[in-house]
Amino acid sequence: RIDNGNHLLLSGNRAAMRYVGMIGARATLTGPEKALYPFLDRVTGERWALQPNAGMIPWWIFITERRVAGTHSWQYLAARRLLAKAEGVVTDRVRTTATLYRRLWQPLAVAALNTEPEAGSAALFATIVRETLGAGGRACVPLLPREGLSETLIDPALLHLRNKGADIRIGARLRGLGFADGRVAALDLDSGNEAVAAEEAVVLAVPAPVAARLVPDLTVPDEFRAIVNAHYRLAMRGNAPWLVGVIGGTAEWVFRKREVLSVTVSAADRLIDTPAEELAPLLWRDVAAAYNLPSEPMPPCQIVKEKRATFAATPAQEERRPGAVTRWPNLVLAGDWTATSLPATIEGAIRSGFSAADALLGRAGIG
């Protein structure tokens, strides 16, 4: 049993933590007790663990065993340049020739933005750095679903809504919106038209291309990046790390889950046309090295490709992200592609939901 993708939450994701608390799902998350990120360099064979201290004063950068192997404390101070004036693309704001770039900034940027650093927005990346490493290790503790994303983010929310009297309909595709008298007046569903009463509102939380089709004159991101995931059926026991970052391989992050070892490759357009039977052994070599496993035999594997996994987190695409409010007073937008100041992440998606709700409550005069 697998999730479509490996979505890592962090203890500092304030909207996500508020959300899972509201729906009673905090206990469904697991992971290490502190911020600890093991890495393997596939080129040199070196291993190290990034270990930020809990507080905001980053004294960890002065301790060799806590920072990236082969780096010096003064190199981390250069991050102030990124945070102070985050314009252009990531590679405009960080030194790309340093070991720290190859072993930290580049993999972090690719994972966070799902966009190559040469094209990725420095402003979006700066927000990620500010809210993670910049906030101290207390904000960087990895959190993973104990069972799966459904049990953590979906099922408890549906139960919470039903307990509040909500009518949940699954599989009711929205084909169109009916506009009249300056408001959304009807929903065109597969099952037929449904009127939107005068006191009702619509939160439209659909992918960006769908929103552009449903809402007149809506500008949305229109460039996307792929993600490739590989899931190997192998239950790890004992003290195996929850995740391992891979530098210089094809895999980028390997996650230990209950029944599988899962691989994520972000900004993976280069791999999207590679057949699964080639990708599986290629990625397994990185997984086996990361977890000190024999390279043969390879466990059963499932490859999952998402060609349009997220919008491209470029400066140009950032300008195309709309806010929650529309010109129709009873219609607001939500989704990780809206203007959240974050790249396409679970945290950004949840923040967009809170923004949509705040906008409706404010218009109703009850917020």
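Just the heavy atoms: all of them, side chains too, but no hydrogens, waters or symmetry mates, feed the values below.
Within the model, atoms CZ of Arg308 and CD of Glu223 stand 11.0 Å from one another, a figure rounded to the nearest 0.5 Å. Of the inter-residue distances, the one linking Glu278 atom CD with Asp273 atom CG reads 11.0 Å to the nearest 0.5 angstrom. Taken to the nearest 0.5 Å, the CD1 atom of Ile350 stands 7.0 Å off from the CG atom of Leu9. Separating the CE atom in Met236 from the CZ atom in Phe255 is a distance of 15.0 Å, to the nearest 0.5 Å. In this structure, Asn13 CG and Ile346 CD1 are separated by 8.5 Å, a value rounded to the nearest 0.5 Å. Remark: Leu360 CG to Asp358 CG distance equals 9.5 Å, nearest 0.5 Å.
In this view, Phe62 and Ser73 satisfy the side chain to side chain contact (heavy atoms under 4.5 Å, CB included) rule, not counting sequence neighbours. Under the rule for a side chain to side chain contact (heavy atoms under 4.5 Å, CB included), the partners of Ala112 that lie at least two apart in sequence or sit in another chain are Ile128. Looking at residues two or more places apart in sequence or on another chain, you find a side chain to side chain contact (heavy atoms under 4.5 Å, CB included) between Ile272 and Ala226, Val228, Lys305, Lys307.
In this structure, the ring of Tyr76 has its center less than 6.0 angstrom from the ring center of Trp60.
Side-chain N/O atoms of Glu200 and Asn330 include no donor and acceptor closer than 3.5 Å. Between the side chains of Gln302 and Asn229, no donor-acceptor pair is found at a separation under 3.5 Å.
Within the 3.5 Å criterion, the main-chain N or O of Val68 finds a donor-acceptor partner in the side chain of Thr71. A donor-acceptor pair under 3.5 Å links the side-chain atoms of Tyr37 to the main chain of Cys140, judged by distance alone. A donor-acceptor pair under 3.5 Å is formed between the side chain of Arg66 and the backbone N or O of Gln51. Remark: the backbone N or O of Ala334 is not paired with any side-chain donor or acceptor of Ser352 at under 3.5 angstrom. Checked by atom type and distance alone, the side chain of Gln317 never pairs as donor or acceptor with a backbone atom of Thr314 at under 3.5 Å. Listed for the Asn53 side chain is a donor-acceptor partner under 3.5 Å among the backbone atoms of Ile57. Using a distance-only test at 3.5 Å, with no hydrogens or angles considered, a donor-acceptor pair links the side chain of Asn163 to the main chain of Leu159.
In this structure, Ser121 and Val90 approach most closely via the heavy-atom pair O-CG2, 3.9 Å. In terms of heavy-atom proximity, Val110 sits nearest to Pro117 at CG2-CD, 3.7 Å. Residue Ala15 comes nearest to Glu347 through the heavy atom pair N-OE2, 3.0 Å, listed as atom of the first residue, atom of the second, then distance. A pairwise comparison of heavy atoms in Ser295 and Ala288 identifies CA-CB, 4.3 Å as the closest pair. Contact between Thr326 and Val332 at its shortest, heavy atoms only, is CG2-CA, 4.5 Å. The heavy-atom pair separating Val89 from Glu118 by the smallest distance is CG2-O, 3.5 Å.
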**Request:** Could you walk me through whether Arg67 and Glu65 pass salt bridge (charged side-chain N to carboxylate O under 4.0 Å, His left out), step by step?
**Result:** CA-CA 6 Å; Arg67 62 179 184 248; Glu65 293 77 14; over 6 Å; no
**Prompt:** Run the side-chain contact (heavy atoms from CB on, under 4.5 Å) check on Trp242 and Thr30 step by step: do they pass?
**Reply:** CA-CA 9 Å; Trp242 290 95; Thr30 188; 3.5 Å; yes
**Message:** Let's go through Glu131 and Arg14 carefully: what are the C-alpha distance in whole Å and the side-chain angles of both, what is the deciding distance for salt bridge (charged side-chain N to carboxylate O under 4.0 Å, His left out) to 0.1 Å, and is it a yes or a no?
**Reply:** CA-CA 10 Å; Glu131 294 190 6; Arg14 61 181 185 273; 3.7 Å; yes
**Prompt:** Step by step, would you call Glu87 with Arg93 a salt bridge (charged side-chain N to carboxylate O under 4.0 Å, His left out)?
**Reply:** CA-CA 8 Å; Glu87 298 177 347; Arg93 311 305 305 170; 5.7 Å; no
**Asked** Where do Tyr232 and Trp284 land on the ring-ring contact (aromatic ring centres under 6.0 Å, His included) test, with the steps shown first?
**Response** CA-CA 8 Å; Tyr232 299 92; Trp284 172 249; 5.1 Å; yes
**Asked** Would Leu77 and His72 count as a side-chain contact (heavy atoms from CB on, under 4.5 Å) if you check the C-alpha gap in whole Å, the side-chain angles of each, and the deciding distance to 0.1 Å?
**Response** CA-CA 10 Å; Leu77 301 178; His72 302 281; over 6 Å; no
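Side-chain atoms of Asn6 and Trp253, non-hydrogen and from C-beta on, never get closer than 4.5 Å to each other. Counting heavy atoms from C-beta on, the side chains of Val304 and His231 come closer than 4.5 Å. Side-chain contact between Leu161 and Ile168 is present, with at least one heavy-atom pair separated by less than 4.5 Å. Within the 4.5 Å cutoff, no side-chain heavy atoms of Arg256 are placed close to those of Leu243. Side chains of Pro216 and Arg327 form a contact here, defined as non-hydrogen atoms less than 4.5 Å apart. For the pair Val265 and Arg270, the minimum side-chain heavy-atom distance is below 4.5 Å. You'll find the side chain of Val254 reaches within 4.5 Å of the side chain of Tyr291, heavy atoms only. Between Val141 and Leu10, the closest side-chain pair of non-hydrogen atoms is not below 4.5 Å.
Paired with Arg321 under the rule side-chain hydrogen bond (donor to acceptor under 3.5 Å, both in side chains), one option of Thr219, Asp336, Thr338, Thr340 passes, and it is Thr340. With Leu8 as reference, Leu144 is the one residue of Leu144, Thr345, Leu143 to meet the side-chain contact (heavy atoms from CB on, under 4.5 Å) rule.
A salt bridge (Lys or Arg N to Asp or Glu O under 4.0 Å) check over residues 169-184, counting only residues at least two apart or in different chains, returns the pairs Asp167-Arg169, Arg169-Glu194, Arg173-Asp190, Arg175-Asp188, Arg175-Asp190. A salt bridge (Lys or Arg N to Asp or Glu O under 4.0 Å) check over residues 279-294, counting only residues at least two apart or in different chains, returns the pairs Arg42-Asp286.
Under the 4.5 Å side-chain heavy-atom criterion for Ile, Leu, Val, Met, Phe, Trp and Tyr, Trp105 and Leu50 are members of the same hydrophobic cluster. In the hydrophobic cluster analysis, where Ile, Leu, Val, Met, Phe, Trp and Tyr join through side-chain heavy atoms closer than 4.5 angstrom, Ile227 is grouped apart from Leu283. In the hydrophobic clustering of this structure, Phe354 does not group with Val203; members are Ile, Leu, Val, Met, Phe, Trp, Tyr whose side-chain heavy atoms approach within less than 4.5 Å, directly or through other members.
Cation-pi geometry between Arg103 and Phe39 is not met: the NZ or CZ atom fails to fall both under 6.0 Å from the ring centre and inside 45° of the normal.
Residue Phe179 shares its hydrophobic cluster (ILVMFWY side chains chained together at separations under 4.5 Å) with Leu174, Leu177, Val184, Leu187, Leu189, Val196, Val202, Leu204, Val206, Val210, Leu214, Val215, Leu218, Val220, Phe224, Phe311, Trp328, Leu331, Leu333, Trp337.
Ion pair Arg258/Glu147 flagged as a salt bridge, since at least one NZ, NE, NH1 or NH2 atom sits closer than 4.0 Å to an Asp/Glu carboxylate oxygen. A salt bridge does not link Arg47 to Asp41: none of the charged nitrogens lies less than 4.0 Å from a carboxylate oxygen.
Remark: Arg138 CZ is loosely packed, at most 12 non-hydrogen atoms of other residues, nucleotides or ligands lying under 6.0 Å away.
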